[in-house]
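Written out below as structure tokens is the structure these notes cover.
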Amino acid sequence: MKVHVITLGCKVNQYESQAMLQQLLHAGFSPSMGESADVVLINSCTVTATSDHKVRQTLHRARRQNPGAVIVLTGCMPQAFPEEAEALTDADVILGNSNRSALLPDILTYLSTHQRIIDIVPHERKGSFEPMQIEDFQERTRAFIKIQDGCNRFCSYCIIPYARGRVRSKPLEDLEQELRLLGERGFREIVLTGINLSAYGQELDLHLCDAVEAACRMPGIERVRLGSLEPEQLSLPVIQRLAAQKKLCPQFHLSLQSGCDATLRRMNRHYDTAEYREIVQNLRAAFPNAAITTDIMVGFAGETEQEFAESLAFAEEIGFAKVHVFAYSRRPGTVAYSAPDQLTKEVKDRRSKAMIEVTLGTMREFFQRQVDQTAGVLFERECAPGVYEGYTENYTPVTVSSEKPLHGQILPVRITSAGADGCTGELLSR
């Protein structure tokens, strides 16, 4: 039987989709790109109301394209909103995030009974990390490894603690086993990911640095990269410990959300702009030419013109290498959903445009600073005949011309020019 997997959302979801696909492949299924699939697995996101809309659209499309297939819905949306998920009648099997081990048994049961299955189990308050391991990653040159799940922060706009439960971490010995296997499979770069990655190990008497060090000492792995981080966990001693790991890539995605202290307090974020600024300064001192990237929300409930101006100025001051700008979307089940002074779509659109304009400028300035530097580039794909694209250690996209295939190789490149979307370079002799 053929299975097609559709992933919506974050890097953690991408990892989990790969693990679920492997579970089915080991049971005798074969992969499909979507045509004539016998099973369509949709791994959902629910971070915004727009995400839920995409889930419904994806379900309708999957049913239309594969009318006879078993449609499975899993992930954050059914876990956070089980009643709404149950109403999505295009799905034959519905699972949450807490019992993915039931995926294969539930599919087999449905195939034999053709009775709809709703199998959503609430998170346990002190649950353990779900055993999950991958041995491949979609034929890419880098692999994501999920090392942490859950979040205890309860930001006022966020539904994720309800979708993911409390903080849980992958045991270090399990991580080492997975790292060893991926290194043997030829993956040159590993990205450590989590829902609140900075909280890794807090219930195991471990620290994120322990996971980074385990990855950096694994044979075969040449680069280690971190997923999104909550900034207040990055004390100076932590940064200094991370800087001792030479395989760790100097690219840090520090979630900001707003550059205004008053807005951060209403969001129930756990830092202020002064602390954030100091962390960035410490990272840049410890990691020369580091790329600092982030997420910025505009139009949060109660955000005044003055507060937005402060956020805009702070984003320009920090000089981010890349920013994901998005407008606040009210989320049922969160504190901010009922907050006063909700802003109009017109205001959010205007502020999004202004923030994007400023942060595209800081990105172009970052690319320009890379010119004339030499860096190792991990080549990922041939983007045009004889033109290959890859990424430096600080995640600068670089294209070079080559008569020989470069996929999967880390090669020295001198960066010769910068554009709006990345840089161009020339290969140096090895």
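In what follows, residues are counted from 1 in the order of the sequence shown.
- Between the S98 side chain and the V121 main chain, a donor and an acceptor come within less than 3.5 Å of each other.
- A salt bridge is absent between R166 and E203; no separation between the charged side-chain nitrogens and carboxylate oxygens falls under 4.0 Å.
- A286 and I239 make their closest contact through CB-CG2, 3.6 Å (heavy atoms, listed as atom of the first residue, atom of the second, distance).
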* Step by step, would you call Q22 with I134 a side-chain contact (heavy atoms from CB on, under 4.5 Å)? -> CA-CA 7 Å; Q22 284 182 192; I134 64 169; 3.6 Å; yes
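- Among all heavy-atom pairs drawn from S402 and Y388, the shortest one is O-CE1, 3.7 Å.
- There is a side-chain donor-acceptor pair under 3.5 Å between D295 and H253.
- One finds no salt bridge joining R142 and E222 here, because no Lys/Arg side-chain nitrogen approaches an Asp/Glu carboxylate oxygen to under 4.0 Å.
- Listed for the D261 side chain is no donor-acceptor partner under 3.5 Å among the backbone atoms of D272.
- Using a distance-only test at 3.5 Å, with no hydrogens or angles considered, a donor-acceptor pair links the side chain of T294 to the main chain of L256.
- A donor and an acceptor atom, one from each side chain of Q202 and S169, are nowhere located under 3.5 Å apart.
- Looking only at distances, no side-chain donor or acceptor of N99 sits under 3.5 Å from a matching main-chain atom of S101.
- The distance from the CZ atom of F129 to the CG atom of L175 is 9.0 Å, given to the nearest 0.5 Å.
- Ionic pairing of R266 and E307 is present here: one or more N-O contacts between side-chain nitrogen and carboxylate oxygen are shorter than 4.0 angstrom.
- Nearest heavy-atom pair, I195 versus C151, reported as atom, atom and distance to 0.1 Å: CG2-CB, 4.3 Å.
- Proximity of H207 to Y200: side-chain heavy atoms (C-beta onward) are nowhere separated by under 4.5 Å.
- A heavy-atom distance below 4.5 Å is found between the side chains of S51 and T48.
- By the 4.0 Å N-to-carboxylate-O rule, D119 lies too far from R100 to be salt-bridged with it.
- Summarising the geometry, atom OG1 belonging to T46 is positioned 3.5 Å from atom CG belonging to D52; distances are rounded to the nearest 0.5 Å.
- Judged by distance alone, the side chain of N66 and the main-chain N or O of A37 form a donor-acceptor pair under 3.5 Å.
- Here the closest heavy-atom approach between residue L197 and residue L192 is recorded as CD2-O, 3.3 Å.
- Counting non-hydrogen atoms of neighbouring residues, nucleotides and ligands closer than 6.0 angstrom, the NZ atom of K348 exceeds 12 such neighbours.
- Summarising the geometry, atom CG belonging to L108 is positioned 9.5 Å from atom CD1 belonging to I117; distances are rounded to the nearest 0.5 Å.
- For C76 against R164, the heavy-atom pair with the smallest separation is SG-NE, 3.3 Å.
- Other residues, nucleotides and ligands contribute more than 12 heavy atoms inside 6.0 Å of the CD atom of E382.
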* To do: Just do the side-chain contact (heavy atoms from CB on, under 4.5 Å) check on R223 and E393 with the steps written out, would you?
  => CA-CA 8 Å; R223 290 182 177 180; E393 292 91 341; 3.8 Å; yes
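- Counting only residues at least two apart or in different chains, salt bridge (charged side-chain N to carboxylate O under 4.0 Å, His left out) contacts with residues 150-160 comprise R153-E230, R153-E232.
- Here the two rings, on F287 and F252, have centers that are under 6.0 Å apart.
- Around atom CG of D421, no more than 12 heavy atoms belonging to other residues, nucleotides or ligands sit under 6.0 Å away.
- Within a 6.0 Å sphere centred on CD of E124, heavy atoms belonging to other residues, nucleotides or ligands number 12 at most.
- Each of I292, L254, V238 was compared with I279 under the side-chain contact (heavy atoms from CB on, under 4.5 Å) criterion, and only L254 meets it.
- Pairing each heavy atom of S44 with each of P78, the nearest pair is OG-CD, 3.3 Å.
- Note that the CE atom of M363 and the CD1 atom of I356 stand 10.5 Å from one another [nearest 0.5 Å].
- Aromatic ring orientation, F300 versus Y157: perpendicular (interplanar angle above 60°, classes split at 30° and 60°).
- Between L95 and L73, the closest side-chain pair of non-hydrogen atoms is not below 4.5 Å.
- Partner F379 forms a side-chain contact (heavy atoms from CB on, under 4.5 Å) with one of T399, L406, I410 and no other, that one being L406.
- Taking CG of L234 as the reference point, atom CD of E275 lies at 9.5 Å (rounded to 0.5 Å).
- When side chains are defined from C-beta on, E16 counts as touching D149, because their heavy atoms get closer than 4.5 Å.
- The closest donor-acceptor contact from the side chain of N268 to the backbone of S156 lies at 3.5 Å or more, if one exists at all.
- Side chains of E303 and M297 form no contact here, defined as non-hydrogen atoms less than 4.5 Å apart.
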* To do: Could you go through the side-chain hydrogen bond (donor to acceptor under 3.5 Å, both in side chains) check for Q233 and S235 one step at a time?
  => CA-CA 6 Å; Q233 305 289 339; S235 65; over 6 Å; no
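- Between R168 and E130 no salt bridge is recorded (no basic side-chain N to carboxylate O distance below 4.0 Å).
- R330 places no side-chain N or O within donor-acceptor distance of the main-chain N or O of A336, the cut-off being under 3.5 Å.
- Rounding to the nearest 0.5 Å places CZ of F308 at 11.5 Å from CD of E310.
- Under 4.0 Å is where a charged nitrogen must lie from a carboxylate oxygen, and between D38 and K2 no such pair does.
- Taking the ring centroids of F154 and Y162, they lie under the 6.0 Å cut-off.
- Using a 4.0 Å cut-off between a side-chain N of Lys or Arg and a carboxylate O of Asp or Glu, R185 and D136 do not qualify as a salt bridge.
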* Asked: For E389 and H407, what are the C-alpha separation, side-chain angles and deciding distance, and is it a side-chain hydrogen bond (donor to acceptor under 3.5 Å, both in side chains)?
  -> CA-CA 9 Å; E389 182 180 51; H407 180 269; over 6 Å; no
* Which is it for S258 and R269 under the side-chain hydrogen bond (donor to acceptor under 3.5 Å, both in side chains) test, yes or no, and what are the steps along the way? -> CA-CA 9 Å; S258 175; R269 301 293 285 171; over 6 Å; no
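- Side-chain atoms of Q177 and L181, non-hydrogen and from C-beta on, never get closer than 4.5 Å to each other.
- Residue E278 qualifies as open at atom CD: its count of foreign heavy atoms under 6.0 Å is 12 or below.
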* Would K11 and N13 count as a side-chain contact (heavy atoms from CB on, under 4.5 Å) if you check the C-alpha gap in whole Å, the side-chain angles of each, and the deciding distance to 0.1 Å? -> CA-CA 5 Å; K11 292 179 175 64; N13 273 14; over 6 Å; no
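- When each of E176, E178, Q148 is checked for a side chain to side chain donor-acceptor pair (under 3.5 Å) with K170, only E178 meets the rule.
- Considering only heavy atoms from C-beta on, E213 comes within 4.5 Å of R241 through its side chain.
- Between the side chains of T74 and N43, no donor-acceptor pair of N or O atoms lies under 3.5 Å.
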* **side-chain hydrogen bond (donor to acceptor under 3.5 Å, both in side chains) evaluation trace for T362 with T359** => CA-CA 5 Å; T362 64; T359 54; 5.5 Å; no
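- With a 4.5 Å cut-off on side-chain heavy atoms, V398 and Q370 do not count as touching.
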